[in-house]
Participant: 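Here it is: the structure, laid out below.
Side-chain atoms are counted along with the backbone in the values below, which use heavy atoms only and exclude waters and symmetry mates. Naming: A, B, ... by sequence-line order, numbering from 1 per chain.
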Protein chains: 2
Amino acid sequence: MVLRHALLGLLAQRPASGYDLRKQFERSLSFVWQATPSQLYAELNGLADAGLISADPPGPRGRKLYRITQDGREELTRWLSETSPARGVRDEALLRVFFLWVLPDGAAQEYLRGEAARASAYLETLRELEASIEWDDSGFDRYGRIVLEHGLRLAAAHAEWAEWAAAQTPAEQI
Amino acid sequence: MVLRHALLGLLAQRPASGYDLRKQFERSLSFVWQATPSQLYAELNGLADAGLISADPPGPRGRKLYRITQDGREELTRWLSETSPARGVRDEALLRVFFLWVLPDGAAQEYLRGEAARASAYLETLRELEASIEWDDSGFDRYGRIVLEHGLRLAAAHAEWAEWAAAQTPAEQI
DNA sequence: ATGGACATGTAAAAAGTTACATGATTGA
DNA sequence: TCAATCATGTAACTTTTTACATGTCCAT
């Protein structure tokens, strides 16, 4: 039900086609929530069946413009204000750290340095993203910026942790 | 295939029953990877079928002690050294931030202050956990401590971000 | 005319969740 | 003796992933 409400949230700003939503998703929500195109199109049909969005008659290339309905807006608000977010963590990269002692000397350090490099590169990506967006004062942009700030802070903390962690591990024996 | 390798990693330390593994999981791995008991027991049977672990004949209360096999050790090492962790993010609490503009004044701030409080409480939980564990110099404990340090640093960063974010949002109109 | 972006899906398999089912042993 | 913990699962359902299928329109 999360993707469902995410799409509702995007459509609460303005009407859009599945394709539009897919692009918007990639540029924003996908940094905190992954979804595949097939999931997205399926969910749109589900949303329309439930009456939470309505579709204009198909235009060129079969494009369908979706609009949020009053029921949809109410459902979005209900979700935000009356339900709590699930808190399931699933971080495979971090899980692996528990098992790094299994590997020969040096490999753990290599893994952790790789994590640091990856986090630094991601941080750089986010900085470029921040600079490239023409932020406006819409609600979506104001809160999108807040989410981006989260990414910047957490990526920096993750990179620092990984450098620190690498320094705790044995170097390769020569 | 992640839970599979996680169980292999736990069994690489010492033999254990499904119940033992479940408890170990709760105390350590579950902070970065969730799994339900039914998943765990099913996976153990899969692992045994694949010859990666072997089960002793059932003891009292039907308890079965599992041991990692040579094939299992090789598979664990292969997984760690030859495959890359998946990087799919799914953070519902953060996703919701994108849509906070939908709510009336004050509600966004309330949500973000809740996030801050939750992160601080979690940080405290981790500190207590750190103090309560009798750390030894086993590989699992050495790297477990490194994972815990990640939790401490990231929870602190998350709490600080949430406080900052709350301060950016409009207060409730009276 | 044609390559790239536009545009929407289906089907099958894998993974994860939820609810339930069943019984044994131990310590107060 | 009886509550808590030990101990292992099954079944049904939902969600997610992966791979494929199909065709259109626009700019060069």
Participant: Would you indicate, yes or no, if C/dT17 has its OP1 or OP2 atom less than 4.0 angstrom from a side-chain nitrogen or oxygen of B/Gln39?
Facilitator: yes

Participant: Rounded to whole angstrom units, what separation is found between the CZ atom of A/Arg22 and the C1' atom of C/dA5?
Facilitator: 10 Å

Participant: Can you see if the side chain of A/Lys23 gets near the phosphate of C/dA5 - specifically, an N or O under 4.0 Å from OP1 or OP2?
Facilitator: no

Participant: Let me spell it out: for each of B/Ala42 and A/Arg61, pick the nucleotide of DNA chain D with the closest heavy atom. Which residue's pick is nearer the 5' end?
Facilitator: B/Ala42

Participant: Rounded to the nearest Å, what distance is computed from the CG atom of residue A/Leu21 to the C1' atom of nucleotide C/dG9?
Facilitator: 15 Å

Participant: Is the Lys NZ or Arg CZ of B/Arg153 less than 6.0 Å from the centre of A/Trp164's six-membered ring, within 45° of the axis?
Facilitator: yes

Participant: Do the numbers put A/Arg96 on top of the ring of B/Trp33, so that NZ or CZ is under 6.0 Å from the six-membered ring centre and no more than 45° off the axis?
Facilitator: no

Participant: For the side chain of B/Met1, counting heavy atoms from C-beta on, which of D/dT8, C/dT17, C/dA15 is nearest?
Facilitator: C/dA15

Participant: Taking the six-membered ring for Trp, are the ring centroids of B/Phe99 and A/Tyr143 within less than 6.0 Å of each other?
Facilitator: no

Participant: Expressed in angstrom and rounded to an integer, what is the separation of B/Glu92 atom CD from D/dT15 atom P?
Facilitator: 12 Å

Participant: In whole Å, what is the span from the CG atom of A/Asp56 to the P atom of C/dA7?
Facilitator: 14 Å

Participant: Quick one: is C/dT8 close enough that its OP1 or OP2 comes under 4.0 Å of any side-chain N or O from A/Tyr41?
Facilitator: yes

Participant: Base, sugar-phosphate alone, or nothing: which one does A/Arg4 contact when heavy atoms must sit under 4.0 Å apart?
Facilitator: nothing

Participant: Just compare D/dT5, D/dC25, C/dT8 and give me whichever is closest to any side-chain atom of A/Lys64.
Facilitator: C/dT8

Participant: Do B/Glu75 and B/Arg78 meet the salt-bridge criterion of a basic N to acidic O distance under 4.0 Å?
Facilitator: yes

Participant: Using only heavy-atom distances, decide whether a donor-acceptor pair under 3.5 angstrom links the side-chain of B/Ser38 to the base of C/dT18.
Facilitator: yes

Participant: What is the distance, rounded to the nearest whole Å, between atom CG of B/Leu40 and atom P of D/dT10?
Facilitator: 14 Å

Participant: Starting from C1' on C/dG9, measure out to OH on A/Tyr66 and report it in whole angstrom.
Facilitator: 10 Å

Participant: Expressed as a whole number of angstroms, how long is the span from A/Leu7:CG to C/dT8:P?
Facilitator: 12 Å

Participant: Let me spell it out: for each of A/Gln34 and B/Leu44, pick the nucleotide of DNA chain D with the closest heavy atom. Which residue's pick is nearer the 5' end?
Facilitator: B/Leu44

Participant: On the 0 to 90° scale, with breaks at 30° and 60°, tag the B/Trp161-A/His150 ring pair as parallel, tilted or perpendicular.
Facilitator: perpendicular

Participant: Should B/Arg127 and B/Glu124 count as an ion pair when the cut-off is N to O under 4.0 Å?
Facilitator: yes

Participant: Between A/Leu3 (CG) and D/dT17 (C1'), how many Å, whole number?
Facilitator: 13 Å

Participant: It should be established whether B/Arg63 places a side-chain nitrogen or oxygen under 4.0 Å from OP1 or OP2 of nucleotide D/dA7.
Facilitator: yes

Participant: Tell me which nucleotide among D/dC25, C/dT8, D/dG9 gets nearest to the side chain of A/Ser17.
Facilitator: C/dT8

Participant: With the side chain of B/Arg90 defined as its heavy atoms from C-beta on, choose the nearest nucleotide among D/dG9, D/dA7, D/dT17.
Facilitator: D/dT17

Participant: Heavy atoms from C-beta onward define the side chain here; which of D/dA7, D/dT8, D/dT16 lies closest to that of A/Trp33?
Facilitator: D/dT16

